[in-house]
Structure formats: structure tokens, C-alpha cells
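Heads up, the thing below is written out as C-alpha cells.
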Amino acid sequence: MSDRHTTLPSGILGFPVAPFAQNGKLDENAFAANLNFLLDAEVSSLFIACGSGEYQSLTRSEYQQMIEIALSITDMKVPVFSGVGGQLEQALDLAQLSQNLGVDGYLILPPYLVHGEQEGLYQYYKLIAESTDLQAIIYQRDSVVFQTETLKKLAQIPQVVGFKDGRGIMEQITELKQEIGNELVWMNGLPFAEITQPIYHSLGFQSYSSAISNYIPHISKLFYQAIQQDDRKTITTLYQEVLLPINRVRKKRAGYAVSLIKSGMEIMGLPVGESVRAPLIPVEKEHYQELAAILTHTMDRFPPT
């Protein structure tokens, strides 16, 4: 079954935002600029309209716009994955739309609100995965925690090729990785995944979603290389001077995992605006200034080469 993985992402995964103009509409030019920036940063793949792309608040038309723009700009340079999930019928509709538009696969987000039993979770992910021929990546996040046997069953579905963890339950993911092994590609999907990637790397997770690649991609790349080379000194330095300070700001408000990306991009001269859709809130002025100071230090201390 290893041939299933031929177009799957590895390394640093790019998750662009959904920029909104002052009139509240999707800013297509700013979105295109975000994509080009990530491509220039050499991310291994792009995930469109997922968590950082405010999947939960997009209209179907906006969702389609974002995918069409991404496919046009990437022009098959890197794999493009969409986000599907939430309400089941909507997820099935967007999965079919994604296939019709020509993406490489999709990340299946958790079901809306409910905490399902294992059989219910299996049926939810199975229905979506089998609804098209596209590659499907299972996302464990929020209300979804898989037992080993459930994920083993999902791994037998031909379309299911990857697993992204957003819960961080070390004992559980250790067992999942040991029991299922290379049947799936394993991805770290915790918020601000750089913080935990050294641990995930030791468990065999070779890729992660990088929010900071939207504004300081050279830091994400430097950190990734340090992990691959077991360069403890560089890892520690980046933790102390860049990553942990940003993460402290991120944790000050719920939803900053998305809002802070847009603020970081604005600070670094990428005009995507700071507008987010409810229930998310923009970054407060004090926290914006804290992030700006961290990024000023980062660029002085670790200038891009």
C-alpha cells in the first residue's frame, strides 16, 4: 500500500490564512500573495481552507474561490489539499467539489460539536473518505480521540493515507504509531506545532503544520533542519528566543492560533489585514506590540539568508 503515498506532503506543511477585505469579503489578491510567499518559502504542500483558513466561517463560494486560486498559482508545483468536515452533508459536498476542482486530497476535520462513539467516528470518516477517489488525511482534534482499532480500520480504506494529530496525547499516539506504522503518513497538527515537533519527530512524525511559515518561514526551516540534524543547541536557542515567546502571546486569548498569524504577517509587511470572523477576535493592541517586539528581535538575531 506504500504507493498510496506518492503525492503526500512531508516536512513543513503550509497552511495559508483567509484574508478578508474591509468590506468583509475574501481578499483574493492578499490570498494569492500569501500562497506565493509560502511557495517561495518552499513548503512541501499547501492546505487550503483548513483551520488557519477559517474553514468554519467560509461560504461555499469563498471555499471554491480559495481552491481555484491555489490550484492556479501552484500549477502542480506542490500538492494541494483542502479542508472538509463539520456537518456531514456539507463535508460530503465539499469533498466532491474538491475532487471536481482537481485537488490532490483533503484533510478531514472533526464532526461538528458532538462527541461520537468509536463506531460513529469510524462511520463519519469512512463516509467522507470513500465519497471520492482523493487522498484523505484523518485529523484527530477536539472531540475526536481514536482508539487503536478504530484507526486501524480507517487505515484499511484505500483513500486514507495520512493521520494528523491535534490532541497531543503522547501515550495514545505512541501506540497508534507503533501498531499502524508506515501504513499512514504521520503529521503533527497541534497549534504552533514547532513547540512539540522534537517530541513528535522522535515518535516518527516527519511533518508538521507551520503557522509561522506564513511570516517567518526561515525560522521554521531553520528549526526543522535542527531537528533533522539533532542540533540541540540551535533547537534550544530558537525555543528560548523566538518560539516560546511567540507561543506565550498565542496562549493569551482563545483563537489567537489564527488571529496571531495575520498579525505576524502584517508586522512582516504581508498585507492580509487583521480581520477575522466570529467567534475569532483580532489580536489586541498590547499583544500585537509584544509580537512585533519578538519579531524585531528575531530578524535582528536570525536574519534570513
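For the residue pair Glu179/Thr148, the side-chain donor-acceptor check at 3.5 Å is not satisfied. With no hydrogens or angles considered, no side-chain donor-acceptor pair links Gln225 and Gln229 at under 3.5 Å. Neither side chain, Ser263 nor Tyr215, offers a donor N or O lying under 3.5 Å from an acceptor on the other. Judged by distance alone, the side chains of Glu28 and Gln65 do bring a donor and an acceptor atom under 3.5 Å apart.
Taking the six-membered ring for Trp, Tyr256 and His287 have ring centres closer than 6.0 Å. Between Phe302 and Phe223, the gap from one ring centroid to the other reaches at least 6.0 Å.
Contact annotation: the side chain of Ile48 approaches that of Leu35 to within less than 4.5 Å [non-hydrogen atoms, C-beta and beyond]. Contact of the Pro217 side chain with the Val43 side chain is not registered, since no non-hydrogen atoms from C-beta on lie closer than 4.5 Å. With contacts defined as side-chain heavy-atom distances shorter than 4.5 Å, the pair Phe20/Arg277 qualifies. Residues Glu266 and Tyr288 are in side-chain contact: their nearest non-hydrogen atoms beyond the backbone lie under 4.5 Å apart.
Applying the side-chain hydrogen bond (donor to acceptor under 3.5 Å, both in side chains) test to residues at least two apart or on different chains, the pairs with a partner in residues 37-54 are Glu42-Lys221, Glu54-Lys262. Within the structure, side-chain hydrogen bond (donor to acceptor under 3.5 Å, both in side chains) contacts touching residues 69-80 (residues at least two apart or in different chains) do not occur.
Using modelled atom types, no side-chain atom of Asp165 and backbone atom of Asn188 make a donor-acceptor pair closer than 3.5 Å. Side chain of Tyr125 to backbone of Tyr139: a donor-acceptor contact under 3.5 angstrom is found. Checking side-chain atoms of Ser202 against main-chain N and O of Ile199 turns up a donor-acceptor pair under 3.5 Å. Counting only distance, with no hydrogens or angles, the side chain of Gln147 and the backbone of Glu149 share no donor-acceptor pair below 3.5 Å. Using modelled atom types, no side-chain atom of Asn36 and backbone atom of Ala33 make a donor-acceptor pair closer than 3.5 Å. With hydrogens and angles ignored, the 3.5 Å screen pairs no side-chain donor or acceptor of Arg167 with any backbone N or O of Val145. Between the Tyr124 side chain and the Gly116 main chain, no donor and acceptor come within less than 3.5 Å of each other. In this structure a side-chain-to-backbone donor-acceptor pair under 3.5 Å is present from Thr174 to Met170. With Gln172 contributing its side chain and Phe146 its backbone, the two residues share a donor-acceptor pair below 3.5 Å. In this structure a side-chain-to-backbone donor-acceptor pair under 3.5 Å is present from Trp186 to Gly181.
Residues passing the ring-ring contact (aromatic ring centres under 6.0 Å, His included) test with Phe47 are Phe15, Phe81, sequence neighbours excluded. Ala30 is linked by a side chain to side chain contact (heavy atoms under 4.5 Å, CB included) to Pro19, Asp27, Val272, counting only residues two or more places apart in sequence or in another chain. Checked against side chain to side chain contact (heavy atoms under 4.5 Å, CB included), Tyr112 has no partners two or more places apart in sequence or in another chain. Partners of Tyr63 by ring-ring contact (aromatic ring centres under 6.0 Å, His included), not counting sequence neighbours: none found.
The pair Asp231-Lys233 does not meet the salt-bridge criterion, since no charged nitrogen lies less than 4.0 angstrom from a carboxylate oxygen.
Taking CD1 of Ile180 as the start and CG of Asn182 as the end, the distance is 11.5 Å to the nearest 0.5 Å. One distance of note links CG of Leu154 with CD of Gln159; it measures 11.5 Å at 0.5 Å rounding.
When the options Arg248, Arg253, Lys252 are evaluated for a salt bridge (charged side-chain N to carboxylate O under 4.0 Å, His left out) with Glu290, the one that passes is Lys252.
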(request) Kindly determine whether Lys152 and Glu183 satisfy salt bridge (Lys or Arg N to Asp or Glu O under 4.0 Å), including the steps that lead there. (result) CA-CA 9 Å; Lys152 276 186 174 180; Glu183 284 296 298; over 6 Å; no
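When hydrophobic clusters are built by joining Ile, Leu, Val, Met, Phe, Trp and Tyr residues whose side-chain heavy atoms come closer than 4.5 Å, directly or via intermediates, Leu88 is grouped together with Leu109.
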